Every structure is written in C-alpha cells, then in structure tokens.
Number of protein chains: 2
Amino acid sequence: MEEALRAPQSAEPDAEIALGRLGDFVGFRLRRIQNQLSREFAQVTDRYQLRQGLFSALAIISANPGLSQIMLAREVGLDKSMAVMVVDELEQRGWAERRRSPTDRRRHALYTTEAGEAWLAEMFAALEVVEHDVLDALGEGDRKLLTAILDRVYKACFRG
Amino acid sequence: MEEALRAPQSAEPDAEIALGRLGDFVGFRLRRIQNQLSREFAQVTDRYQLRQGLFSALAIISANPGLSQIMLAREVGLDKSMAVMVVDELEQRGWAERRRSPTDRRRHALYTTEAGEAWLAEMFAALEVVEHDVLDALGEGDRKLLTAILDRVYKACFRG
DNA sequence: ATGGATTGTTGACTTACTCAACCTTTTCCG
DNA sequence: CGGAAAAGGTTGAGTAAGTCAACAATCCAT
C-alpha cells in the first residue's frame with residue numbers, strides 16, 4: 001500500500017498514520033482487526049442473505065445440543081431478547097429447532113437439524129477461506145500461541 | 001468459574017459450554033473479547049456521556065495533526081459520513097477543530113485543542129484501568145508477544 | 001474550460017442492540 | 001402446602017451505529 005495506487009494531487013500519508021498512545025492498548029488493535037475480519041465475513045454471509053450472529057449461534061448449538069436460549073445468549077454475548085430472534089430465524093430456515101425441556105418446562109432445549117449441520121459445514125469451509133490470509137501470515141506455532149493468549153485474555157475479561 | 005457461584009436450582013453447565021469447531025477460528029475469539037472489552041469501555045464512556053469512537057478518533061487526530069477527515073475515517077474504519085458526525089461532536093465539545101487546508105481547500109485539516117489533549121490524557125488513564133485486568137493476566141512478555149502477533153494479523157488483513 | 005475525481009456534508013434508511021414489561025414455570029422457605 | 005421470589009422466554013418500544021445515495025465545492029488532467 002505504500003507505493004501502490006499513487007494518487008496524483010496530494011501527498012498521501014496513507015500508510016504513515018501514527019497510532020500514538022493508542023498503540024499501547026490491546027483493545028484498539030483487537031477492534032481494528034475484528035472490524036476488518038467481520039467486514040470480510042459479512043461479504044460471505046451477505047452472499048447467503050443472513051444476519052450476523054446466526055452462524056456462531058448455530059455452531060454453539062451444534063457443539064452443545066440441548067442448551068437453553070439463555071445459555072446461548074450468554075455464550076455469544078447477546079441479550080436474551082436477541083437470542084429469541086436469532087433462534088426464530090434459525091427455526092424458520094429449518095436449521096435448528098426448539099423442544100421443550102422435559103426437566104424444566106420453562107426452557108427451550110435447542111437442537112440443530114440435518115439441514116443445519118449441512119449449512120454449518122458449508123459456512124465453516126467459507127470461513128476458512130476468509131481466515132486463510134491471516135493464518136498464513138502467522139506460522140502454525142504463532143497461531144496456537146495466539147489462540148492460547150486470547151483464551152487467557154478472555155478469561156481475564158470475565159474474571160476481573 | 002467451575003465451582004464459584006453455585007446456583008441452587010438447576011444444573012448450570014455455564015463454564016462447560018463447548019466451542020466445537022468454532023474454537024478453531026481466530027475471528028470468533030477476537031469477537032468475544034472485543035465485545036466484552038468494548039462493554040467495559042462503554043461503562044467508562046457512558047459516565048462521560050459520549051458516543052463510542054470519539055476517543056479513538058481524537059487520539060488519531062492527536063497523533064497525526066492536520067490529517068483530513070477521510071484519512072481519519074479510513075484509519076478508524078468508519079464511513080466518511082460517520083467521520084463528519086464524530087468531528088462535529090469533537091468540535092462542539094471544544095476538543096478538536098477543523099481548519100481549511102491551505103494546499104487543498106476541499107480538505108479540513110484536523111487539530112486537537114488544549115482541552116482535547118487534557119481530556120485525552122484523562123481517557124487514556126481510564127482506559128489503562130479497563131485493560132488492567134487483561135494486562136495482568138498476561139505477563140509483560142506475553143503482552144508484547146500479543147501486540148506483535150496482532151500487528152502481523154492486521155497487516156495480513158489488509159494485504160490479503 | 002470541460003470532464004472526471006476527491007472531500008466534505010446532508011438526509012433517508014436499515015440493522016443491531018438495549019430496556020422494560022409481561023407470562024409461565026420452577027424453586028425457595030416459612 | 002402455599003405464597004414469594006426468581007428464572008426462562010417473548011414481545012414491543014426505543015436508541016445508537018452504520019450504510020447508502022445524492023449533492024456542492026474544489027482540484028486535476030488533457
């Protein structure tokens with residue numbers, strides 16, 4: 001980007017923008033990356049015409065069959081009212097279903113359908129493409145290191 | 001988390017929620033953490049009654065005096081119309097000002113005011129408190145490692 | 001000097017999210 | 001047992017953030 005697309009009229013300090021003290025903060029770097037990644041991810045999901053969060057919700061359901069909506073909401077960091085809408089849409093598309101929990105009739109136990117699992121596999125493949133550049137830039141070792149560190153950060157977020 | 005806060009009535013598989021294949025993706029971990037961090041950060045900024053993004057915008061302006069609104073927008077990942085509103089509010093609060101660029105009269109060159117710098121210092125201090133738990137959980141070494149890795153990830157995001 | 005591109009601005013619109021109220025069901029405890 | 005309290009789920013109103021298209025002013029090129 002330093003030498004490509006050289007615009008004619010004005011000096012373009014495009015790549016030379018300084019972060020200043022902002023660079024000392026983890027949150028800022030996280031935000032930048034996550035913004036960019038979710039933008040690329042949105043390009044994929046837009047192709048499928050579905051709202052964000054649908055995918056991760058279904059993935060969580062798939063990994064934890066029978067969990068309740070509140071637990072789902074807590075895990076993906078949404079309000080319980082948002083979880084309702086997400087599950088609504090998952091059900092409309094035939095990718096997940098609510099069954100009343102036999103032990104606690106307040107709860108809706110969530111399960112994926114076969115179609116849901118098939119779509120999940122499709123999306124996981126698409127996601128791997130999105131993250132491919134990132135994972136390439138890191139080696140195999142750094143990738144594991146990153147996830148390990150991120151996990152510790154995550155736990156610290158909720159503990160502190 | 002495993003044994004603390006044992007709720008009485010129902011089995012709480014709170015900490016035992018599996019990530020499944022989702023755990024293989026960097027984007028998911030980033031999203032969780034960033035959600036949590038920005039929530040804590042919002043508690044700070046809410047206390048000051050200001051919109052999100054105001055702080056990072058002013059920090060960028062402070063580190064790059066005279067930059068244009070479009071460059072600012074590009075750096076913080078916003079639409080140029082959003083940059084207008086952010087700069088509007090920064091100006092209303094007397095923290096930044098627009099001056100017409102002498103070399104290109106289309107541009108607004110952005111500068112911080114003294115009050116803006118003072119508020120920035122205040123916010124940086126508040127931010128350090130927010131990130132304190134996170135930085136504590138990581139050692140000094142891991143913290144530098146994390147920022148280094150995140151920088152490589154960021155570059156990969158824009159290069160690829 | 002005419003046309004095309006860039007910067008900034010405005011307004012309409014969409015979406016994600018929060019919040020408060022509510023109903024049902026379960027649990028707690030006297 | 002029988003209420004009080006709490007949890008799960010649902011709905012609807014309201015808000016904040018962000019996209020998008022159109023526009024005026026300015027700059028650059030030929």
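For clarity, every value in this text was computed on a predicted model and none was experimentally measured.
Whole-Å rounding puts the A/Leu67 CG to D/dG9 C1' distance at 14 Å. The distance from atom CG of B/Asp104 to atom P of D/dA29 is 12 Å, rounded to the nearest whole Å. Remark: P of C/dT26 and CZ of A/Arg100 are 9 Å apart, rounded to the nearest angstrom. One atom, CD of B/Glu89, and another, C1' of D/dG18, lie 15 Å apart when rounded to the nearest Å. Straight-line distance from the CG atom of A/Leu78 to the P atom of C/dC17: 6 Å, rounded to whole Å. When the P atom of C/dG8 is taken as reference, atom CD of B/Glu91 falls 12 Å away, rounded to whole Å. Rounded to an integer number of Å, the gap from B/Arg106 CZ to C/dG8 P is 9 Å. Atom CD1 in B/Ile70 sits about 5 Å away from atom C1' in C/dT7, given to the nearest Å.
Both the sub-6.0 Å distance and the 45° axial angle are satisfied by A/Arg99 relative to the ring of A/Tyr111.
The only option from A/Asp104, A/Thr103, A/Leu110 that meets the side-chain contact (heavy atoms from CB on, under 4.5 Å) definition with A/Arg107 turns out to be A/Asp104.
For the pair A/Glu131 (side chain) and B/Val26 (backbone), a donor-acceptor distance under 3.5 Å is present.
Considering only the side chain of A/Arg105, C/dT26 comes nearest among D/dG9, C/dT7, C/dT26.
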**Per-nucleotide protein contact string for nucleotides 9-15 of chain C, where B marks a base within reach and S marks sugar-phosphate only (heavy atoms under 4.0 Å, - for neither)** = BB-----
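Hydrophobic cluster membership is shared by A/Leu138 and B/Leu30, with clusters built from Ile, Leu, Val, Met, Phe, Trp and Tyr side chains linked at under 4.5 angstrom. B/Val84 and B/Leu78 fall into different hydrophobic clusters, where Ile, Leu, Val, Met, Phe, Trp and Tyr side chains are chained together by heavy-atom contacts under 4.5 Å.
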**Item:** Audit row: B/Leu90, B/Thr112, side-chain contact (heavy atoms from CB on, under 4.5 Å) steps and yes/no
**Value:** CA-CA 9 Å; B/Leu90 285 177; B/Thr112 59; over 6 Å; no
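Side-chain N/O atoms of B/Arg107 include one lying less than 4.0 angstrom from OP1 or OP2 on C/dT7.
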